[in-house]
Amino acid sequence: MTDSYLNLANGTLKPVFKKLGLPQPAILRRYRPGSPLTVGPVLVVSDDASAADADAVAKILSGWDVDVRRSPETAEGERFGAVVLVLTGAETPVAVSAPVLTVAGTLRRLAGNGRVVTVSRAVADGDAPVLAATRGGVEGLVRSLGKELRGGSTANGIQLTGGAAVDSASAVVTLRFFLSARSAYVDGQLLPVGPSDAAGPVDWEQPLAGKVAVVTGAARGIGAAIARTMARDGAKVVVIDVPPAGESLAAVANEIGGIALQLDITADDAADKILAAAKPLGGLDILVHNAGITRDKLLANMTADKWDPVIAVNLTAQLQINERLLAAGVEGLRIVSLASTTGLAGNRGQTNYGYTKAGVIANAAAGAPVLAATGGTTNAVAPGWIETEMTAKVPALTRTVARRMPSLGQGGLPVDIAEAISFLASEPASGINGQTLRVCGQHMVGK
């Protein structure tokens, strides 16, 4: 669905929009294989107690052929592609002041589609009140800054947990994701990252090479974008959808060189058929629960024929498939499930859908230790307003309002969801488990 306002604001009428003070959402920079990681040099800033970790971050960036600066003065007249603020050692709010104000002085020099990324430690049980306040305050900083940045720039944060090192595999892959164009529609988010035992060099162009992925609901829209992105990133992909979508499903499979499986995921033998389809490719490594339906009604008008199918497809099927795959002895499985901001904040007329998406989020959190015991992970991605065939049917005024509400001032694209899922499914991201990552352009709603 074309966003005419976005195109006009960045076209010949751009001076008019500026003169009238109208919102001017930027064209977002999205990932293309071989493109530079950032749009300019990266400044690394820290408090004194975090200097060693800042050095480690600078070393990581240099290894990616990034032009790293440690002081704003070394890039006089240049625009920064990103600023990384390292606060892992900060123990009092006063210690945070100087580095934050250094970052403040660079924001007018942040290039369009630039990035600000914080690296800090999450509040932990047993933290003294002062330490908890220092660490917890970073969340408010990041979310507020995300609302201030313009020109397609974003602010996100890495929260290290469980003693994770700043140069652990999961911290490194998260840093790269947040800096890159893959995170174009992720803004104002803080992602907890734990220790990771992933080792070895990473092929950043094909991080899923050698993996077998299964994507449900893959005949069109977000599911098809997930399948294409995972194939681009090196995975062999089995795409699944219901028989009525067979023609579209086959087209997606042919496009990516994958396998099409027509399947009702609510069937008792769905997990067995998934395993059978993945076996010729080498077994199952990644499972993406994308299939979902809506049957919107106010609860006062809700009937069983509107409630039960949504629960069955969006939630019960996932629970049953996961349980049976684990019972079958599948190990090291990376599960990523599609949630929604509706599951966080609710939405009028979607009590059934909201129930299932909140359930998906809770399932990811509760299932984390179960998957970890088998060497796997389970996480969720919560999209906001995404431009799909479904949202194109929403009344024009509602659609326009929904697009302008996020900090980025526009809707996301299916590929934005796909990029986040591919990141979470990758081997280096093994330290991210039980989390829900919003891909909503910072349309902050709910808890």
Side-chain angles (χ1 to χ4, degrees), residues 1-41 77-83 104 106-116 142-156 178-189 220-222 225 229 341 347 383-420 438-445:
M1 184 71 183
T2 301
D3 186 343
S4 300
Y5 183 98
L6 176 67
N7 293 333
L8 289 172
N10 290 278
T12 56
L13 294 181
K14 186 173 182 178
V16 176
F17 276 67
K18 186 174 182 180
K19 184 175 181 180
L20 294 176
L22 296 173
Q24 290 183 276
I27 300 295
L28 301 183
R29 175 180 181 254
R30 290 185 166 89
Y31 174 74
R32 293 183 180 180
S35 60
L37 180 63
T38 65
V39 292
E78 291 183 282
R79 287 191 173 275
F80 291 110
V83 180
T106 70
L107 293 179
R108 287 187 174 84
R109 295 167 56 191
L110 190 65
N113 282 283
R115 301 285 187 262
V116 178
V142 170
R143 296 201 191 284
S144 298
L145 179 56
K147 293 180 179 293
E148 296 179 6
L149 297 177
R150 294 292 179 265
S153 295
T154 62
N156 294 292
F178 280 151
L179 288 175
S180 76
R182 293 177 186 261
S183 62
Y185 203 59
V186 180
D187 193 13
Q189 304 305 304
R220 59 179 61 84
I222 291 174
T229 300
T341 52
N347 195 27
W385 181 271
I386 305 297
E387 305 288 351
T388 63
E389 291 179 14
M390 182 177 72
T391 56
K393 297 175 183 177
V394 173
L397 180 58
T398 303
R399 190 167 62 239
T400 298
V401 171
R403 285 169 170 165
R404 305 303 158 232
M405 288 183 71
S407 297
L408 290 174
Q410 59 195 282
L413 301 181
V415 70
D416 297 323
I417 308 304
E419 297 286 13
R438 300 188 194 194
V439 184
C440 62
Q442 204 186 13
H443 181 185
M444 296 308 299
V445 291

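Residue numbers start at 1 and run along the sequence shown.
Taking all atoms of both residues into account, the shortest heavy-atom contact from Asn156 to Val186 is ND2-O, 2.9 Å. Of all non-hydrogen atoms in Val439 and Ala420, the two that sit nearest each other are CG2-CB, 3.7 Å. Nearest heavy atoms, Leu6 versus Ala26: CD1-O, 3.8 Å. The two atoms that bring Val116 and Leu145 nearest to each other are CG1-CD2, 3.7 Å, heavy atoms only. Taking all atoms of both residues into account, the shortest heavy-atom contact from Pro15 to Gly11 is CD-O, 4.5 Å. Nearest heavy-atom pair, Gly441 versus Pro406, reported as atom, atom and distance to 0.1 Å: O-CB, 3.3 Å.
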inquiry  = Determine whether Arg29 and Ser35 satisfy the following criterion, side chain to side chain contact (heavy atoms under 4.5 Å, CB included), listing intermediate values before the conclusion.
reply    = CA-CA 10 Å; Arg29 175 180 181 254; Ser35 60; 4.3 Å; yes
inquiry  = Run the side chain to side chain contact (heavy atoms under 4.5 Å, CB included) test on Arg403 and Glu387 for me, step by step, so that the C-alpha distance in whole Å, both residues' side-chain angles and the decisive distance to 0.1 Å come before the verdict.
reply    = CA-CA 9 Å; Arg403 285 169 170 165; Glu387 305 288 351; 2.7 Å; yes
Side chain to side chain contact (heavy atoms under 4.5 Å, CB included) between Leu107 and Leu149, intermediate numbers included = CA-CA 8 Å; Leu107 293 179; Leu149 297 177; 4.2 Å; yes
message = Applying side chain to side chain contact (heavy atoms under 4.5 Å, CB included) to Trp385 and Arg399, what does each step give before you reach the verdict?
response = CA-CA 9 Å; Trp385 181 271; Arg399 190 167 62 239; 3.3 Å; yes
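Salt-bridge check for Asp3 with Arg404: passed, with a basic side-chain N closer than 4.0 Å to an acidic carboxylate O. The pair Asp416-Arg30 meets the salt-bridge criterion, since a charged nitrogen lies less than 4.0 angstrom from a carboxylate oxygen.
Using a distance-only test at 3.5 Å, with no hydrogens or angles considered, no donor-acceptor pair links the side chain of Arg182 to the main chain of Leu179. A donor-acceptor pair under 3.5 Å is formed between the side chain of Tyr5 and the backbone N or O of Pro23. Side-chain atoms of Ser183 come within 3.5 Å of backbone N or O of Phe178 as a donor-acceptor pair. Formation of a donor-acceptor pair under 3.5 Å by the Arg79 side chain with backbone atoms of Arg108 is found in this model. With hydrogens and angles ignored, the 3.5 Å screen pairs a side-chain donor or acceptor of Tyr185 with a backbone N or O of Gln410. Side chain of Asp187 to main chain of Gln442: no donor-acceptor pair is present (N/O by atom type, distance under 3.5 Å, no hydrogens or angles). Checked by atom type and distance alone, the side chain of Gln24 pairs as donor or acceptor with a backbone atom of Lys14 at under 3.5 Å. Side-chain atoms of Ser153 come within 3.5 Å of backbone N or O of Ala111 as a donor-acceptor pair.
Residues Pro414 and Ile386 meet the side-chain proximity criterion, which asks for heavy atoms closer than 4.5 Å. Inter-residue side-chain proximity for Lys19 and Val16 is flagged as unmet; no heavy-atom pair is nearer than 4.5 Å. Residues Thr38 and Arg115 are not in side-chain contact: their nearest non-hydrogen atoms beyond the backbone lie 4.5 Å or more apart.
How far CD1 of Ile222 is from CG of Leu413: 10.0 Å, rounded to the nearest 0.5 Å. Expressed to the nearest 0.5 Å, how far OG1 of Thr106 lies from CZ of Phe80 amounts to 6.0 Å. How far NE2 of His443 is from OG of Ser407: 9.5 Å, rounded to the nearest 0.5 Å. Note that OG1 of Thr341 is 8.0 Å distant from CG of Asn347, once rounded to the nearest 0.5 Å.
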